[in-house]
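Chain letters run A, B, ... following the sequence lines, proteins first and then strands; every chain starts at 1.
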Amino acid sequence: MNTKFTEQVYNITKRIPKGKISTYGEIAKALNSKAYQAVGHALHKNPYAPIVPCHRVINSNGKIGGFASGTENKIKLLKKEGIKIKNNKIINFKKVVFRF
DNA sequence: CTAATGACATTTG
DNA sequence: ACAAATGCCATTA
């Protein structure tokens with residue numbers, strides 16, 4: 001969609017460096033908004049599926065949350081990126097959170 | 001335009 | 001600490 005919000009969401013999500021992650025809340029804040037759900041929606045539609053590392057975006061509670069391709073699959077991918085995950089939760093969550 | 005939904009977050013039980 | 005309820009914004013129907 002050509003809405004500014006989603007555009008920003010994708011742009012920011014793409015800026016997340018490898019080995020780091022971010023939360024919906026942080027992204028929403030980066031957009032000067034608190035539409036966490038809208039961010040999640042944007043990523044859910046995700047017309048930039050392979051372009052935007054949506055798997056690097058997780059919940060604020062350190063949980064992975066839900067993902068289209070399966071949460072467990074994302075966990076594996078994040079683990080490969082260097083993120084430590086236990087029971088679907090981020091271990092070094094605070095250490096890997098990327099803030100804009 | 002109005003209503004409902006969601007890859008959420010926060011507060012309350 | 002965990003589970004449920006409420007509130008939030010933007011998008012979709």
Side-chain angles (χ1 to χ4, degrees):
Chain A
M1 302 303 245
N2 298 340
T3 60
K4 287 230 172 160
F5 221 87
T6 52
E7 184 183 324
Q8 292 283 8
V9 171
Y10 303 135
N11 193 16
I12 288 176
T13 307
K14 271 192 293 194
R15 288 176 197 175
I16 300 176
K18 181 187 171 203
K20 291 261 183 176
I21 58 174
S22 186
T23 67
Y24 298 94
E26 286 296 317
I27 293 176
K29 270 188 179 184
L31 299 176
N32 203 23
S33 300
K34 46 185 167 59
Y36 342 90
Q37 291 205 321
V39 175
H41 257 203
L43 292 174
H44 186 203
K45 310 292 171 171
N46 200 1
Y48 299 85
I51 309 173
V52 176
C54 26
H55 58 271
R56 288 184 190 153
V57 184
I58 62 174
N59 291 10
S60 62
N61 70 321
K63 201 79 168 52
I64 307 299
F67 282 98
S69 305
T71 312
E72 316 219 349
N73 192 19
K74 307 297 183 187
I75 293 174
K76 268 170 78 176
L77 188 54
L78 288 172
K79 274 185 177 180
K80 267 186 150 187
E81 303 246 328
I83 312 295
K84 311 301 185 215
I85 304 175
K86 174 101 177 188
N87 289 334
N88 296 3
K89 297 163 214 122
I90 305 292
I91 296 180
N92 48 351
F93 173 61
K94 278 192 164 186
K95 304 183 181 186
V96 292
V97 170
F98 176 76
R99 304 197 184 182
F100 306 92

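Under the side-chain hydrogen bond (donor to acceptor under 3.5 Å, both in side chains) criterion, no residue pair touches residues 28-44 of chain A, with sequence neighbours excluded. Applying the ring-ring contact (aromatic ring centres under 6.0 Å, His included) definition to pairs two or more places apart or across chains, none involves residues 55-94 of chain A. Pairs of residues two or more places apart, or lying in two chains, that qualify as side-chain hydrogen bond (donor to acceptor under 3.5 Å, both in side chains) and include a residue from residues 77-91 of chain A are A/Arg56-A/Glu81.
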Step by step, work out the side-chain contact (heavy atoms from CB on, under 4.5 Å) result for A/Ile83 and A/Ile75. CA-CA 9 Å; A/Ile83 312 295; A/Ile75 293 174; over 6 Å; no

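The two atoms that bring A/Val96 and A/Gly19 nearest to each other are CG1-O, 4.0 Å, heavy atoms only.
Counting heavy atoms from C-beta on, the side chains of A/Ile64 and A/Leu78 come closer than 4.5 Å.
Listed by chain and residue number, nothing satisfies the salt bridge (Lys or Arg N to Asp or Glu O under 4.0 Å) test with A/Glu72 (two or more places apart in sequence, or in another chain). A/Phe98 pairs by the ring pair (Phe, Tyr, Trp, His ring centres under 6.0 Å) definition with A/Phe100, not counting sequence neighbours.
Using a 4.0 Å cut-off on heavy atoms, none of the residues of residues 90-100 of chain A approach DNA chain B. A heavy-atom distance below 4.0 Å to DNA chain B is reached by none of the residues of residues 76-89 of chain A.
An OP1 or OP2 oxygen of C/dC8 is reached within less than 4.0 angstrom by no side-chain nitrogen or oxygen of A/Lys34.
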What string of B, S and - do you get for nucleotides 6-13 of chain B, 5' to 3', when a contact is any protein heavy atom under 4.0 Å? BBBSS---

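Residue A/Tyr10 contributes atom OH, which lies 15 Å from atom P of C/dA10 at whole-angstrom precision.
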Show each protein N/O and nucleotides 2-6 of chain C N/O combination with a separation under 3.5 Å, one pair to a line.
none

